[in-house]
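Letters go in sequence order (proteins before strands), and every chain restarts at 1.
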Amino acid sequence: MQYWLMKSEPAEVSIDHALAAKDSTVAWTGVRNYQARNFMRDQMRIGDGVLFYHSSCAEPGIAGLAEVASTAYPDPTQFERDSHYFDPKASPENPRWMLVDVRARRKTRLLSLTELRADPALASLQILQRGSRLSITPVTPDEWQGIMQKLELK
DNA sequence: GCCAACGTTGGC
DNA sequence: GCCAACGTTGGC
């Protein structure tokens, strides 16, 4: 069992969105970075813990908890001509982009980027590293625990 | 809107 | 395989 932090723009898919979806589950479409894709394709397992992070918004930070709900499969948006995520180099026979389903578990109080940065125990979080842009990053058990503590969850 | 940092592309 | 040019991310 592993832990992950997954960024989503709340204007696209927020934690509220995800919770309101059928089975509280959304397909994690639109990842177009190989490293992030490889995490989903090669390392994610059903049941892995996910920190649901809101990015590119007024208050960036961790907004909820979720879990990986499927193994990887081709991102359908890569084949949709009208999609912003269309990839002309991808074909159903030769898909380039994979995704997993993510099931939202609960909304949390907003653990802001500022608050994350202020905690020395969380300094190792990958998203806090200089220049880090990856939309999906692994989270260590210690980091996960630290965040649960801050959220006063188990 | 700015811009630092990083990723991707494509000519050579 | 190098690397300059370009595109993207994402906080501010």
Do NZ/NE/NH1/NH2 and the carboxylate oxygens of A:Arg32 and A:Asp87 come within less than 4.0 Å?
-> no

Considering only NZ, NE, NH1 and NH2 on the basic side and carboxylate oxygens on the acidic side, decide whether A:Asp75 and A:Arg37 come within less than 4.0 Å.
-> no

What is the distance, rounded to the nearest whole Å, between atom [atom1] of [X] and atom [atom2] of [N]?
X: A:Arg133; N: B:dC3; atom1: CZ; atom2: P; result: 17 Å
X: A:Lys7; N: C:dT8; atom1: NZ; atom2: P; result: 16 Å
X: A:Glu12; N: C:dG10; atom1: CD; atom2: C1'; result: 14 Å
X: A:Glu59; N: C:dG11; atom1: CD; atom2: C1'; result: 13 Å
X: A:Tyr34; N: B:dT9; atom1: OH; atom2: P; result: 6 Å
X: A:Arg117; N: C:dG10; atom1: CZ; atom2: P; result: 13 Å
X: A:His54; N: C:dT9; atom1: NE2; atom2: P; result: 18 Å
X: A:Trp97; N: B:dG7; atom1: CH2; atom2: C1'; result: 10 Å

Nearest-nucleotide check on DNA chain B, A:Asn33 vs A:Lys89; residue mapping nearer the 5' end is A:Asn33

Would you say the side chain of A:Arg32 and the base of C:dT8 hold a donor-acceptor pair, judged only by whether the two atoms sit under 3.5 Å apart?
-> no

Please name the residue in the list A:Phe86, A:Trp28, A:Tyr85, A:Tyr34 that meets the ring-ring contact (aromatic ring centres under 6.0 Å, His included) test with A:Trp97.
-> A:Tyr34

Mind checking whether A:Phe39 and A:Trp4 have parallel, tilted or perpendicular rings, split at 30° and 60°?
-> tilted

